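What follows is a single structure, written as structure tokens, with notes after it.
Every chain is numbered from 1, with letters handed out A, B, ... down the list of sequences. Source: prediction; values computed, not measured.
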Amino acid sequence: MSFWEYANPVKFMGLSGRLIPVLSVLTALCLAVGILWGFFGTPDDYKQGSTVKIIFLHVPSAMIAINAWIMMMITSLVWLIRRHHVSALAAKAAAPIGLTMTLIALGTGAIWGKPMWGTYWAWDPRLTSFMILAVFYLGYIALWNAIEDTDVAADLTSILCMVGSVFALLSRYAVNFWNQGLHQGASLSLDKEEHVDNAFYFPLLVCIAGFVLLFVILVLIRTRTEIRLRRAASLQARNT
Amino acid sequence: MLALFTRDLKLAFRSGGGFGLALAFFLIVVMFVPFGVGSDLTLLARIAPGILWIGALLACLLSLDRIFQLDHEDGTLDVLATSPLPLSGITAAKATAHWVTTGLPLTLAAIPLGYLLNLPEPAYIWLFASLAIGTPALSFIGAFGAAVTVGIKRGGLLLSLLVLPLYIPTLIFGAVSVTKSVDGLNPLPSLILLAGLTLFSVVLMPFASALALKANLN
Amino acid sequence: MLALFTRDLKLAFRSGGGFGLALAFFLIVVMFVPFGVGSDLTLLARIAPGILWIGALLACLLSLDRIFQLDHEDGTLDVLATSPLPLSGITAAKATAHWVTTGLPLTLAAIPLGYLLNLPEPAYIWLFASLAIGTPALSFIGAFGAAVTVGIKRGGLLLSLLVLPLYIPTLIFGAVSVTKSVDGLNPLPSLILLAGLTLFSVVLMPFASALALKANLN
Amino acid sequence: MTIKATNICCSRGPRQVLQDVCFSLTSGDCLILRGPNGVGKSTLLRVLAGLSQQSSGTLELDHEEIAYSGHLDAVKFQLTIAENLSFWAGVYGTDTTAQVIAHFGLNDLADRYAANLSAGQKRRLGLARMTLSNRKIWLMDEPTTSLDAEHTGLIAQSISDHCFAGGIAVLSTHLDLDIPSAKTLDLLQFIPTKDTNTSIFLQGSF
Amino acid sequence: MTIKATNICCSRGPRQVLQDVCFSLTSGDCLILRGPNGVGKSTLLRVLAGLSQQSSGTLELDHEEIAYSGHLDAVKFQLTIAENLSFWAGVYGTDTTAQVIAHFGLNDLADRYAANLSAGQKRRLGLARMTLSNRKIWLMDEPTTSLDAEHTGLIAQSISDHCFAGGIAVLSTHLDLDIPSAKTLDLLQFIPTKDTNTSIFLQGSF
Amino acid sequence: MPDLGKYADTVILAYVVSFVLLIGLSAITWAQSRRAKRLLDAEEARRGK
Ligand code: HEM
Ligand SMILES: Nc1ncnc2c1ncn2[C@@H]1O[C@H](COP(=O)(O)OP(=O)(O)OP(=O)(O)O)[C@@H](O)[C@H]1O
Ligand SMILES: Nc1ncnc2c1ncn2[C@@H]1O[C@H](COP(=O)(O)OP(=O)(O)OP(=O)(O)O)[C@@H](O)[C@H]1O
Ligand SMILES: [Mg+2]
Ligand SMILES: [Mg+2]
């Protein structure tokens, strides 16, 4: 059986219906363990004090924010090439989640910035490119909402997503070129020398797993919602 | 394609003076800045490159929706789509016409307006170069945004929302090159990046726009 | 008149989210300034009041052409003109709807955006007050400009050209009151002048707009 | 309730289109304007509606009683049929939206956005406003364009009913509508012949 | 030169409008689409023109030979009649503007801005483009709206001539046009009856 | 409760903001899903009859 069969709404509904209960338990578990461990079970940082605990929300949400867009890029491409409706709807479903995650990363970052840098906001490249990402999400969502014909909306948002990806990358580069920042570099690398202390590293990994699972489950639920709405619309159109 | 290009130029002139108005808007935005931030000359000189670039960008943005919306509303776009011209050629012709009627006059007008904002001497040539190189990218990226929003009745603001983040790299490379020249640094690297960006937009955006138009005609 | 007002609000929501988009434009204009002029915080703080006011003004300007143009194009304006509603009432209702969908959200959004531009502490309350008092004038003056340009196919840029000079007093009184508060001076006098200007526009502009509409329908 | 037009001349731009149009109508009358394309039917209707000014002549009618429908439908694409009509009901201060929707056979479509209507359905929606307005004088410019035979009949019937109930209707059309008691006015007879353009710039010589 | 439509289904939004439309035409044929408002004439014409996609069925025709005219006129108000037509001549790579203007009786108006035309004159200008395009397959949506009797005859004659010269025409109309040799296709017979909406979302149950 | 020291406000605020957003998103997702299911069920029932 080919993977593409899950692009069929019936197949997808069946599989996702079975997956959701399992996944929700796993998600709750990971999030609870990760956050409780992070909040209660980690020491203060010698430099940042207790604010280091924010990392358990900040980094996972930032990762999801970026990866949600990448997922949308892939599903959009699948829609454009193979025209599987479920794929387009999954992209639509992911956008609000990506936006929320972007906002969480921005929010926690801003709150963290106040004690660390003395300001909620600075025009640092990392921060700025996240704000640009939020605008891309907003535009994408607004475009979905502005077009009534669903196939047309899927086409246009997919094209926007592809073009937007290129320009998001360009902006990231441009913003770096424009300003040197305050924000720290990658501390999550596998290279032992670089990444944060193990005391933070392991709970952080659990939190990331929790966020990833949460993202997956929300995408599944939202895609199911979209599929149901499409079916309802089709039924309604046929009955009149 | 040539017919389309010349017709678009003609229409821009006829419908209340294409050239003049983008210019006027640019002029007025630049004029507003001293009203808003006060008339301190050293302050103005520092923000001049950025304001000039932002002003040009907004003036360009404001006329984007004309690129396809009018032709869509009166049915011309439907007919063009069934005509011998390829859609990507249509968008390229229209984006070029848009550049000739906005980007080009804006570039020329930026020099005297720079004087109003007390732009330092050595920056003029770089301001001119960066606008001349950068504004085609604005027109071609903008045409893509216009193609995406063409079906939507007066999607003017949605258009801005979609296009503005796409404009960020152009703005940054453009403004940075002028700022660098003001600060006595080498503006060439960012100018080269800007040229690359323009080349990329001019070559590839018409195809993306054609896809979007195709979807919108449905 | 109430029917017209609520319909205009409904249309603003339906056509791709009235509120959201003026806001988004404002956000993006404010975002662009650091890209243009660099991210030096003291510099940003100095130009913040002016930029915020100019940004709000441009966001407002961008949606002006929707006020009458759409109704003209589909024949609604002709029918409204023969309806029991007086033309001045029609323009007043439409200008008010425009303010609710743009001026009001812009006023609310200006506070957080002020933070992005590092606006000094004491200025926030005055920024809010000046926008709350000043934006109705922008909508009513703008409605007049829209009424004058309604016959002209996509007179968007002509509209800007006409309206922007009319906006200058509002901009000056508004921005000055914020700047004064930043500098520790008394912002009240200019705020009172601003209030007078708004009162004048709200009371008298609908009649001027009605005259312009009447002439345009011919 | 009367309309009385005496020696009305209409111009479009610099060109005089109609000269010395005279007619008078009272309650119950229906006047059909006829004439080839470009003779000035729309121009005359806009003058009657008060949207344009006649260049000379006098026109007596009660502007408070006019309902006008032109070549365009005055329909908002982003509103549903029901919303479009209840907006107009609000403007005219009436509340017969439901009846009108039923009368024009729009029941099934009431919650459809106007953007998703066919040309004829849109036209019908535009005309439903006339009935809704509850006004006495109907001015209609080619009401039946894009309508099929059945709905053309429906519109003709509505107009007859309106006149029968004491209203007045003035309409232009290229078809033969089945409206008993309608008078026709061929505008060809009012094409300017004499060299009496009323423009002040043509007086005297200089 | 043939058109062959086999089992074409068309949808608008979520709604299936036409089901299993079949016809085939060869050089010289004229097909008149008939049916009440909203039956799907415009939808079918847009599918034939390649502007929309059929939801199923196959369509064989040469897209390079199509000239399409819809409900809208595709006329630029800011250009004169002559300019409008010479623009289209440029697009289609032809140069018969002068003949076409004469043929459609637009000589007197050639230098008038299109904004200053009456509804029927505008429509005529829109249709003149078909002749100008020099293409074999004409797709026309209610070509004669707003036209008076004389010009309706002129259009019918042009269509006959076009078919006689080996072209194909597919048009929709609510009037009885005088086109000898035209076949009519009543779209009422293609209204979806079977419960076979092709939407993938209606398959199975969940 | 761990001792958060002088940064207690900051940390708590960050957690509260994140939870509000996450829970809000989940709640909206869930509510929309319920509504869609009800709508679809109603529509299927209408077809059934
Ligand atoms: C609004 C402000 C901020 C934004 C938008 C932001 C955004 C980001 C992003 C995008 C990442 C990368 C995650 C990844 O790619 O794995 C990240 C990581 C991180 N941020 Fe922030 N940040 C902000 C403020 C702050 C502040 C104020 C601090 C602390 C002083 C901070 C500390 C960190 C740390 C320690 C990491 C992990 C580094 C890594 O693994 O890459 N951030 N942030
Ligand atoms: N600005 C103008 N300058 C000169 N002539 C004009 C102008 N505007 C309109 N006309 C002419 O005025 C005449 C009357 O136009 P009108 O729209 O009233 O005609 P109509 O009888 O409604 O025709 P139709 O049946 O085609 O709708 C037309 O011949 C038109 O060309
Ligand atoms: N988005 C949509 N959703 C549902 N139905 C739609 C949509 N768009 C159009 N329709 C319907 O599709 C049908 C076909 O419309 P079409 O324009 O093809 O009709 P038509 O035969 O050309 O009618 P007319 O003679 O009035 O021009 C109409 O009943 C219309 O209401
Ligand atoms: Mg007419
Ligand atoms: Mg039709």
Report yes if some heavy atom in the side chain of B/Val37 is under 4.5 Å from a heavy atom in the side chain of C/Thr179; otherwise report no. no
Is C/Leu27 in contact with chain B via its backbone, its side chain, both, or neither, using a 4.5 Å heavy-atom distance? neither
Mind checking side chain to side chain donor-acceptor pair (under 3.5 Å) for B/Thr135 and listing every partner two or more places apart, or none if nothing turns up? B/Trp99
Residues in residues 185-196 of chain C that sit under 4.5 Å from chain B, counting heavy atoms only: none
4.5 Å side-chain heavy-atom contact, B/Ser160 and C/Ile28: no
State, yes or no, whether a side-chain contact exists between B/Ile168 and C/Phe32 at a heavy-atom distance under 4.5 Å. yes
Shorter than 4.5 Å, heavy atoms on both sides: which option in B/Leu61, B/Leu43, B/Val176, B/Ile172 has the most such pairs with chain C? B/Leu43
Atom OH of residue position C/Tyr115 - does it have more than 12 heavy atoms of other residues, nucleotides or ligands inside 6.0 Å? yes
Which bit of B/Val33 is near chain C, if near means a heavy-atom gap under 4.5 Å: side chain, backbone, both or neither? both
By side chain to side chain donor-acceptor pair (under 3.5 Å), which residues pair with C/Asp71, not counting sequence neighbours? C/Arg7, C/Lys94, D/Lys76
Heavy-atom nearest pair, C/Ala175 first then B/Gly36, reads CB-O, 3.8 Å
Using only non-hydrogen atoms and a strict under-4.5 angstrom cutoff, which residues of residues 45-57 of chain C touch chain B? C/Arg46, C/Ile47, C/Gly50, C/Ile51, C/Ile54, C/Leu57
